[in-house]
Amino acid sequence: MAHAAEEFLDSLTEEQRRAAQWPFPSNEERLRWYYTPTDHGGLSLSEMRQKQQQLALKVLASGLSRPAYVTTCTIIGLDNILDELEGWSATWGRERGRDPGLYYLRVFGDPGGEDAWSWRFGGHHISIHHLVVDGAVRASTPLFLGADPAVSPFLGGYELRPLGSAEDLGRQLLTSLDEEMRARAVISPVPPFDLVGANRARIQGGELPLRLAEVWRGRFEGELGEWIETIQRQLEEGLGTTEKHLEALRLTEAPRGIPAEELDGPQRRLLRDIVAVFVSRLPDDLANAELERYTEAHLKKLTFAWAGGAERGVPHYYRVQGPRLLIEYDNAQRAGNHAHSVWRDPEGDFGMDILSEHHLQEHRV
């Protein structure tokens, strides 16, 4: 990972490097993250030569499993599909609103040095972060992947579903529950129009979904501002969202839904499979180390919650919540064909807990 980052940085001009490499920790910027088609901060693929683009993707691949890298590249390509789906009309204040060139890489610190450093790759429906301390990856959340459309047709009747496994496993667990357990797992008949945690830097408990205009860098004004408010209103009206629904979906410190300790063995294995499909976005060695934490005792501390319909193709949402874990999957926009998914560690996103401990140890020395 360090070698790939150094190789990328060494390929840049002085001007490019000013955008691509910032000091560590630069927390005011480093803790910003987005999943909308906005400026994610860094050097965009469109500002790179072809070889530089290749080196940027090499950095990206160093922080993902091979299936996750394939999925991520597919998500980038979906911007071309979305452009056609929207009639080539979206602009978001730019010459082209759906642009697979607007994915950004920024390195914080010196990958070749001995101090902590990190990097971030992000663009529409992608936000990937890794923190390296003492030569090891110590934090990799938030880790967001989305897909719009969530389902696209292939020739021969096949489908492209980049996040299909995450959706299907959640639905499989829901439908395995008996009537009484299912009633407790479904916390709202209406799903949120977006992730409840949204792109907040920290999850502290009590959060409600942010309005769409707030999940961007900067504010919308004029016609563009009116347009996104119209989208927000249409989403809420289409879903039938009320204040009561939003309150039911609030991210409370005591998780809502069905506790895993009340699930039977096969159901808990399904729950672990959900965790695994999110964690397996990491390279295999990192993913395996993370999954070792999810023993039977640890799984029993998790809670599963669902909102919306259970049938495929209708708006829905689920989350898995527990000690140092928050997974959210939302597929509510475009009538259930626009998916967002994120894996977070509310106590350690961006490695803030690691950095605090690291600082204390250095101070003691």
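Note that the structure is predicted; figures quoted are calculated from it, not measured.
With hydrogens and angles disregarded, a donor-acceptor distance shorter than 3.5 Å links the side chain of Arg120 to the backbone of Gly41. Judged purely by atom type and a 3.5 angstrom limit, Arg217 uses its side chain to pair as donor or acceptor with the backbone of Asp39. Under the 3.5 Å distance criterion, the side-chain polar atoms of Arg66 are left unmatched by any main-chain donor or acceptor of Asp284. With Ser65 contributing its side chain and Ser280 its backbone, the two residues share a donor-acceptor pair below 3.5 Å. Put simply, the side chain of Gln267 gets close to the backbone of Ser176: a donor and an acceptor are under 3.5 Å apart. Side-chain atoms of Asp345 do not come within 3.5 Å of backbone N or O of Leu325 as any donor-acceptor pair. With hydrogens and angles disregarded, no donor-acceptor distance shorter than 3.5 Å links the side chain of Glu236 to the backbone of Thr241. For the pair Arg344 (side chain) and Asp349 (backbone), a donor-acceptor distance under 3.5 Å is absent. Panel note: side chain Thr36, backbone Val215; a donor-acceptor pair is recorded below 3.5 Å. Ser341 places a side-chain N or O within donor-acceptor distance of the main-chain N or O of Leu145, the cut-off being under 3.5 Å.
Annotation: side-chain contact (heavy atoms from CB on, under 4.5 Å) contacts of Val137 (sequence neighbours excluded): Met1, His130, Val132, Ser140, Leu286. His338 pairs by the ring pair (Phe, Tyr, Trp, His ring centres under 6.0 Å) definition with His125, His340, not counting sequence neighbours. For the side chain to side chain donor-acceptor pair (under 3.5 Å) test, no residue two or more places apart in sequence or in another chain qualifies with Tyr318. With sequence neighbours excluded, the residues forming a side chain to side chain donor-acceptor pair (under 3.5 Å) with Glu296 are Arg268, listed by chain and number. Contacts of Asn27 classified as side chain to side chain donor-acceptor pair (under 3.5 Å), with partners at least two apart in sequence or in another chain: Arg30. In terms of the salt bridge (Lys or Arg N to Asp or Glu O under 4.0 Å) criterion, Arg182 has no residue partners (sequence neighbours excluded). Residues meeting the ring pair (Phe, Tyr, Trp, His ring centres under 6.0 Å) test with Phe24, sequence neighbours left out: none. In this view, Phe108 satisfies the ring pair (Phe, Tyr, Trp, His ring centres under 6.0 Å) rule with no residue, not counting sequence neighbours.
In this model, no donor atom of one side chain and acceptor atom of the other lie less than 3.5 Å apart for Ser26 and Arg106. In summary, the side chains of Gln54 and Gln50 do not present any donor paired with an acceptor at a separation below 3.5 Å, with no hydrogens or angles considered. Between the side chains of Ser89 and Glu86, no donor-acceptor pair of N or O atoms lies under 3.5 Å.
When side chains are defined from C-beta on, Leu282 counts as touching Leu143, because their heavy atoms get closer than 4.5 Å. Put simply, the side chain of Leu131 does not reach to within 4.5 Å of the side chain of Phe350, judged on heavy atoms. For the pair Leu212/Gln333, a side-chain contact is recorded, criterion being any heavy-atom separation below 4.5 Å from C-beta on. Contact check for Ile187 versus Arg319: side-chain heavy atoms found under the 4.5 Å cut-off. Contact check for Thr71 versus Leu64: no side-chain heavy atoms found under the 4.5 Å cut-off. At least one side-chain heavy atom of Asn80 sits less than 4.5 Å from a side-chain heavy atom of Pro100. Side-chain contact between Asp79 and Tyr103 is present, with heavy atoms from C-beta onward closer than 4.5 Å. Contact check for Leu102 versus Arg94: side-chain heavy atoms found under the 4.5 Å cut-off.
Shortest non-hydrogen contact noted between Leu263 and Leu271 is CD1-CD2, 4.4 Å. Trp117 and Val107 make their closest contact through CE3-CG1, 4.1 Å (heavy atoms, listed as atom of the first residue, atom of the second, distance). The nearest pair of heavy atoms linking Ala5 to Pro111 is CB-CG, 3.7 Å. Nearest approach of Pro191 to Gly308, heavy atoms of both residues: CD-CA, 3.7 Å. Ala185 approaches Ile258 most closely through the heavy-atom pair CB-CG2, 3.8 Å. Here the shortest heavy-atom pairing between Pro37 and Gly97 reads CB-O, 4.2 Å.
Between Phe304 and Trp306, the two ring planes are tilted [angle within 30° to 60°].
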Step-by-step salt bridge (Lys or Arg N to Asp or Glu O under 4.0 Å) determination, Glu290 to Arg324: CA-CA 12 Å; Glu290 180 69 23; Arg324 304 205 61 154; over 6 Å; no
Working for salt bridge (Lys or Arg N to Asp or Glu O under 4.0 Å), residues Glu84 and Arg98: CA-CA 9 Å; Glu84 182 269 340; Arg98 305 301 186 186; over 6 Å; no
Test side chain to side chain contact (heavy atoms under 4.5 Å, CB included) applied to Arg256 and Arg250, step by step: CA-CA 9 Å; Arg256 292 172 173 171; Arg250 185 185 292 274; 3.8 Å; yes
Side chain to side chain contact (heavy atoms under 4.5 Å, CB included) between Arg184 and Leu177, intermediate numbers included: CA-CA 10 Å; Arg184 294 167 60 199; Leu177 303 176; over 6 Å; no
Derivation and outcome, salt bridge (Lys or Arg N to Asp or Glu O under 4.0 Å), residues Glu247 and Lys244: CA-CA 5 Å; Glu247 184 57 43; Lys244 182 179 179 180; over 6 Å; no
Test side chain to side chain contact (heavy atoms under 4.5 Å, CB included) applied to His316 and Leu174, step by step: CA-CA 12 Å; His316 62 278; Leu174 177 73; over 6 Å; no
Arg17 and Asp10: CA distance, side-chain angles, deciding distance, salt bridge (Lys or Arg N to Asp or Glu O under 4.0 Å) verdict: CA-CA 9 Å; Arg17 194 155 183 156; Asp10 288 345; 3.7 Å; yes
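For residues 227-285, every residue pair satisfying the ring pair (Phe, Tyr, Trp, His ring centres under 6.0 Å) rule, not counting sequence neighbours, is listed here: Trp92-Trp227.
Ile128 and Ile327 fall within a single hydrophobic cluster, where Ile, Leu, Val, Met, Phe, Trp and Tyr are joined by side-chain heavy atoms under 4.5 Å apart, directly or via other members.
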Can I get a per-line list of side-chain donor-acceptor pairs under 3.5 Å for residues 197-205, giving both atom names and the distance, sequence neighbours left out?
residue, atom, partner, partner atom, Å
Asn199, ND2, Trp33, O, 2.8
Arg200, NH1, Val196, O, 2.9
Arg200, NH1, Gly197, O, 3.3
Arg200, NH1, Leu208, O, 3.2
Arg200, NH2, Leu208, O, 2.7

Without placing hydrogens or testing angles, list every side-chain donor-acceptor pair under 3.5 Å for residues 55-62, not counting sequence neighbours.
residue, atom, partner, partner atom, Å
Lys58, NZ, Glu7, OE1, 2.8
Ser62, OG, Val59, O, 2.6

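Hydrophobic cluster of Leu82: the remaining members, joined at side-chain heavy-atom separations below 4.5 Å, are Leu85, listed by chain and number.
Heavy-atom contacts from other residues, nucleotides or ligands closer than 6.0 Å to CD of Glu28 number 12 or fewer.
A salt bridge does not link Arg233 with Glu229: every distance from a Lys NZ or Arg NE/NH1/NH2 to an Asp or Glu carboxylate oxygen is 4.0 Å or more. Taking 4.0 Å as the cut-off between side-chain N and carboxylate O, Asp264 and Arg269 do not count as a salt-bridged pair.
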